[in-house]
Amino acid sequence: MSEPVINERERQAALSLTKNQVPIREWWFKDNALLTFAFNTSSATVPEGERFIVRAAADAKKLITDPELKKQADILIHEETAHAQMHDAYNGYLDAQGFPATKHVQETKVLLLFFERVFSLKMRLVTCMIIEHFTNTYSKQVLDIGVLEGEDTDERMDRVWSWHCIEEMEHRSTAVDLYRALGGGYFLRVSIGAFVSVAFFVAHVRCLVDFMTAKKLFWNGTIWKKGLPYLLGKKGVYYLVLKYWLTYFKPGFHPTDIPIENRFNKQLHHYHIEDELVGYFNVPVQ
Ligand SMILES: [Fe+2]
Ligand SMILES: [Fe+2]
């Protein structure tokens with residue numbers, strides 16, 4: 001692709017860290033353990049969800065005729081495949097750092113394969129829609145509030161998450177549009193959406209607790225005191241995810257109802273950078 005990389009300075013800073021084999025520090029997010037736990041938890045719970053989305057979108061694409069929607073399905077499939085590839089490398093690095101990431105990737109896989117076996121295609125698309133709703137609002141937090149901005153966050157991780165969030169924003173409507181094209185209705189969308197929300201929440205919290213326990217930090221009061229206001233506060237990680245969760249259940253909901261301004265003008269996805277991002281994790285563990 002020939003489009004320029006806008007934030008070339010950040011790119012060079014990240015590449016220089018990799019070239020010099022600088023480890024990604026354990027608490028890469030502003031040295032705040034709870035915030036780092038939150039992002040690392042998302043990394044462990046996300047790649048199997050992405051592969052689930054890829055398979056559902058590919059199956060739905062076979063049944064539609066609208067060429068524009070088929071193109072959007074291809075973009076979704078390409079982007080989620082690339083994300084899963086990057087998160088596999090990220091999760092391998094987490095394993096090496098002592099976070100049991102692969103264990104949770106496998107647990108999520110078992111759950112989602114079960115859903116895939118028992119759900120109809122429309123129910124699978126609803127599962128995609130609610131996962132995309134979470135990633136969309138998570139992305140809004142990153143792109144509009146700028147939680148990753150600042151010199152005290154590892155540049156590589158800023159780029160990894162910013163890239164993921166930009167692409168989530170880009171394809172956020174596709175699962176809903178596929179569902180509508182196949183005649184999906186309100187009742188199925190909200191009932192399965194509520195069920196999968198709870199399953200997703202439980203999987204996420206289980207992983208977060210497991211990570212904290214593995215690092216023997218779950219009962220550390222300082223971590224919670226320092227991290228919790230940040231985690232749930234307006235500049236935190238989960239604020240908009242929680243704020244917008246119920247918006248999904250409104251009749252006629254469409255992801256574009258939630259505006260994302262990308263206030264930091266992040267534009268680092270206009271060439272295929274996944275291999276570069278995977279390379280960030282090819283550094284020694286501290
Ligand atoms: Fe993704
Ligand atoms: Fe997505």
Side-chain angles (χ1 to χ4, degrees), residues 38-61 69-91 94 101 104-105 108-109 112 115-116 124-144 148 157-180 189 193 196-197 199-200 203-204 207 237 240-241 244-245 247-248 253-258 260 262 266-270 272-278 280-281:
F39 272 89
N40 288 350
T41 294
S42 295
S43 179
T45 46
V46 95
E48 288 307 323
E50 291 172 322
R51 287 189 256 269
F52 179 96
I53 289 170
V54 165
R55 294 189 294 270
D59 287 347
K61 191 188 149 196
L69 189 51
K70 276 179 182 281
K71 196 172 131 204
Q72 292 306 316
D74 283 335
I75 292 172
L76 171 70
I77 290 167
H78 168 81
E79 291 182 341
E80 296 296 21
T81 304
H83 300 170
Q85 180 198 342
M86 184 278 291
H87 280 287
D88 286 344
Y90 185 159
N91 291 329
L94 290 180
H104 285 275
V105 171
T108 318
K109 185 177 180 177
L112 289 172
F115 286 173
E116 203 165 74
R124 287 164 60 201
L125 286 172
V126 171
T127 308
C128 300
M129 285 153 60
I130 194 75
I131 294 174
E132 293 288 59
H133 180 58
F134 285 132
T135 53
N136 187 31
T137 46
Y138 202 90
S139 300
K140 181 174 172 64
Q141 190 81 44
V142 169
L143 299 171
D144 283 3
L148 290 162
M157 301 306 270
D158 177 5
R159 285 176 60 77
V160 156
W161 282 106
S162 297
W163 165 76
H164 193 160
C165 290
I166 288 165
E167 295 200 341
E168 287 306 320
M169 184 179 68
E170 195 170 68
H171 68 235
R172 62 190 168 142
S173 301
T174 309
V176 172
D177 293 343
L178 287 170
Y179 180 71
R180 287 184 180 179
R189 175 166 75 77
V196 176
S197 290
F200 192 79
H204 192 86
C207 183
V237 178
L240 291 181
V241 177
Y244 283 109
W245 175 57
T247 309
Y248 170 89
F253 165 76
H254 192 269
T256 50
D257 296 346
I258 300 171
I260 298 186
N262 189 11
K266 294 256 181 206
Q267 296 182 43
L268 39 74
H269 70 306
H270 287 301
H272 295 304
I273 64 170
E274 51 268 25
D275 290 338
E276 194 171 302
L277 299 176
V278 164
Y280 292 170
F281 300 100

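By convention here, the first residue in the shown sequence is residue 1. We count ligands from 1, going down the list as the structure has it; atoms in each ligand are counted the same way.
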J.: Determine whether the aromatic ring centres of residues His83 and Trp161 are separated by less than 6.0 angstrom.
T.: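 They do not qualify: ring centres at least 6.0 Å apart.
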J.: Kindly write out the residues that satisfy side chain to side chain contact (heavy atoms under 4.5 Å, CB included) with Ala199, not counting sequence neighbours, or none if the list is empty.
T.: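 Partners of Ala199 by the side chain to side chain contact (heavy atoms under 4.5 Å, CB included) criterion, ordered by chain and then number, come out as Leu111, Phe115.
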J.: Tell me which N, O or S atom from Glu132 is the closest to the Fe ion (ligand 2).
T.: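 Considering only N, O and S atoms, Glu132 comes nearest to the Fe ion (ligand 2) through OE1.
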J.: Anything protein N/O/S under 2.8 Å from the Fe ion (ligand 1)? Just list residue and atom, please.
T.: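 Those protein N, O or S atoms (cut-off: under 2.8 Å from the Fe ion (ligand 1)) are Glu50 OE2, Glu80 OE1, His83 ND1, His164 NE2, Glu168 OE2.
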J.: Below 4.5 Å, heavy atoms only, C-beta onward: do Glu80 and Glu168 meet side chain to side chain?
T.: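 Yes; the side chains approach each other to less than 4.5 Å.
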J.: Output all residues satisfying side chain to side chain contact (heavy atoms under 4.5 Å, CB included) with Asn40, sequence neighbours left out; order by chain, then residue number.
T.: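 In terms of side chain to side chain contact (heavy atoms under 4.5 Å, CB included), with neighbours along the sequence ignored, Asn40 is linked to Trp28, Thr36, Tyr90, Leu94, Phe99, Phe211.
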J.: Which residues pass the side chain to side chain contact (heavy atoms under 4.5 Å, CB included) test with Glu116, not counting sequence neighbours?
T.: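 By the side chain to side chain contact (heavy atoms under 4.5 Å, CB included) rule, Glu116 matches Phe52, Arg55, Leu113, Arg124.
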J.: With ring centroids as reference points, do Tyr248 and Phe134 lie under 6.0 angstrom apart?
T.: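 For Tyr248 and Phe134, the ring centres are not under 6.0 Å apart.
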